[in-house]
Each structure stands twice: as structure tokens, then as C-alpha cells.
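For reference, the structure is listed below as C-alpha cells.
All chains are named by letter (A, B, ...) in the order of the sequence lines, taking the proteins before the strands, and each is independently numbered beginning at 1. Computed from a predicted model, the values in this text were never measured in an experiment.
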2 protein chains.
Amino acid sequence: MATFGEFLRNERIKKGLTQSDFGQIFGIIMTDMSKIENGHKKFPPANLEKLAEFLEMDFAKVKNLFVAEILVEKAHKYKCSDDVFSVAESQSKYIKEKNVKQAVMKF
Amino acid sequence: MATFGEFLRNERIKKGLTQSDFGQIFGIIMTDMSKIENGHKKFPPANLEKLAEFLEMDFAKVKNLFVAEILVEKAHKYKCSDDVFSVAESQSKYIKEKNVKQAVMKF
DNA sequence: GTCGTCTTGCTAAATTAATGGCAAGTTATG
DNA sequence: CATAACTTGCCATTAATTTAGCAAGACGAC
């Protein structure tokens, strides 16, 4: 498992492209591609779908990699242990269940 | 597993306090306590430690509940499946490992 | 009805985060 | 050294998120 930036770099190199070439596809200049690969800047979310197409990967997987990096940043900002992610998963499931129940109640 | 807001509400009710009473301890007015319990507002992070003391709970656990809610919000904003949390956990571990290796390399 | 408790909506202000673009510097290679 | 590829720092602008505070409404108990 790598960061989103490293993932991008790997895929780019697999295809034998420079940051400049690769960026051009998504309208990103080279210096920004560098920042993105090194985690100093975010890949533009609006281009994630196009990115998935280009890499011939499942959009959801690409998006997960992207969003995961944002979550990791947040967790580190608050100096949380990695437990926080499974707590979050439980919470998310709990909320979804709750929403289902409420939706059912409406009928 | 409940949301942070529900957790707060449960603890408050266990102690037989109103939102007004409970809020006063942390300098939060009643209407804000309501919003916090219902997830429309964030509990002030600077008070998390005090909260843990008051509830006689481990600070890290309270913080995890708090931060998890933030992560869940982000994940939902991007309409991610719950897989994203385990991806994030892997990424986080990966980054920590990488940092260790780099730290070692310095010497 | 009225009191206490709680919920919600709204908006302006403030805080925080993200972005774009340029400039300077590194590294590897011929 | 010259070039291509890449990295980083800085800063002004913009965008996004949070917050505070007030007002009004809901709900149950008495």
C-alpha cells in the first residue's frame, strides 16, 4: 500500500511518461504534478474519473486511494492512533444502519 | 458503536445532567450542546482532554470517537464505500514505516 | 397554558485550507 | 557544462469550512 502520490508516480512511470506529459492529460503543469506526487498538493478531484479511465482502473478504487490520503492527513493532524480508522468504519456502518431504519419508519 | 454526539448524549444522561448543565462545564451554551449532540456542530477540540477527565475515560478513546466522526463526514462527502477506512489505515501504517526508514537512513 | 428542555434555521464574521504561478534549486545524464 | 526532469519555497488570492449568536418552534410534564 502506497500513498496516492506514489501510486500516481508508479502508474505514470509504468506508462513511460514524464510529469509534464502525464499532467498535460489532466491540465496540470509539471510543477504541480511534482507536488501532487509528493503529497504537497491534491490531485483535482473533478479529474478522478478521467484518471481512472486513463489508468483503466475501477473508479471507486482510485477514489478510495485519493480520499484515504485525506483521512490520513486528518488523523495525523489530531495525532490519533491508527485505531481511529476502524472506529470510523464502525461509526459509518452505524450511521448507515440508522438511516435505513429511519427511512423504513417513514412508511 | 455510536456517533460522537450520541456518545456525549448518553454520557450526559447517565450523569443526569441537562444540556445546559453539561455545557456549562465546558463553556458551551445549551443550543450549541444540542447541535453538537445532533452532529450539526463540532465539540471544541481544545476541550477534549477536559471532557475525557470529566467522563473518567481514556483521552485517546474520546479523541478517536471525535476524530472518527470527522473522517466519516469526509468519506461520505466523497461518497466512498466503507472500504476507504481500511485503505486509510494501510496508508497510515505505510507512511509511518517509511518515516522510520528515512529516520534510520539519516544516521 | 406555561415551564423546562431541546431542536433547528439563518446569516455575518472568522478561521482554515487550497490554488496558481513564478523563481530558484537539485539530480542525473550525455 | 548543458539539458531534461524533477523538487521546493513562497505568497497573494480564492474557496471552503467553522463559528457565534439570535430567533423561533417543538415536545412533554405538570
Seminar exercise, completed: Per atom distances to the B:Glu37 side chain, the nearest of C:dT7, D:dT8, C:dG20 is C:dT7
Exercise. Going by modelled atom types, is there a donor-acceptor pair between the base of C:dG21 and the side chain of A:Lys35 at under 3.5 Å?
Worked result: yes
For this session: With A:Lys50 as the cation and A:Phe59 as the aromatic partner, state whether NZ or CZ is under 6.0 Å from the six-membered ring centre and within 45° of the axis.
Result: no
For this session: May I have the distance from A:Met30 (atom CE) to C:dC22 (atom P), rounded to whole angstrom?
Result: 13 Å
Problem set entry | Rounded distance in Å - CG (A:Asn38) to C1' (D:dG9) | 13 Å
Exercise. Is a salt bridge present between B:Asp82 and A:Lys93, judged by a nitrogen-to-oxygen distance below 4.0 Å?
Worked result: no
For this session: Return yes if some donor-acceptor pair links the side-chain N/O of B:Asp21 with the main-chain N/O of B:Thr18 below 3.5 Å, else return no.
Result: yes
Exercise. Nearest-Å distance, CZ (A:Phe43) to P (C:dT19)?
Worked result: 12 Å
Exercise. Between C:dA23 atom C1' and A:Ile29 atom CD1, what is the distance in whole Å?
Worked result: 12 Å
Exercise. So, is A:Lys41 near the phosphate of D:dT8, with a side-chain N or O under 4.0 Å from OP1 or OP2?
Worked result: no
For this session: Side chain of B:Gln19 only, please: which of D:dA16, D:dC10, C:dT7 is the nearest?
Result: C:dT7
Seminar exercise, completed: Testing C:dG20, D:dT8, C:dT7 for proximity to the side chain of A:Asp32, the answer is C:dG20
For this session: Find the distance B:Ile70:CD1 to C:dA17:P and express it as a whole number of Å.
Result: 11 Å
Exercise. Any sub-3.5 Å donor-acceptor pair from A:Arg9's side-chain atoms to A:Glu37's backbone N or O?
Worked result: no
Exercise. Salt bridge between B:Arg12 and B:Glu6, side-chain N to carboxylate O under 4.0 Å?
Worked result: no
Exercise. How close or far is atom P of C:dT5 from atom CD1 of B:Ile13, stated in whole angstroms?
Worked result: 13 Å
Seminar exercise, completed: Among D:dC6, D:dG21, D:dG9, the one nearest any side-chain atom of A:Thr18 is D:dC6
Problem set entry | Candidates C:dC6, C:dA23, C:dT7 - which lies nearest the side chain of A:Thr31 | C:dA23
For this session: Let me know, please, whether B:Arg12 or A:Glu73 comes out on the 5' side of the other along DNA chain C by nearest nucleotide.
Result: B:Arg12
For this session: Pick base, sugar-phosphate or nothing for B:Lys74, based on heavy-atom distances below 4.0 Å to the nucleic acid.
Result: nothing
For this session: Return the value, rounded to whole Å, for the distance between atom CD1 of A:Ile28 and atom P of D:dC6.
Result: 14 Å
Problem set entry | side-chain N/O B:Ser34 vs C:dC6 OP1/OP2, d < 4.0 Å | no
Exercise. Taking CZ from A:Phe22 and C1' from D:dA4, how many angstroms apart are they, rounded to a whole number?
Worked result: 19 Å
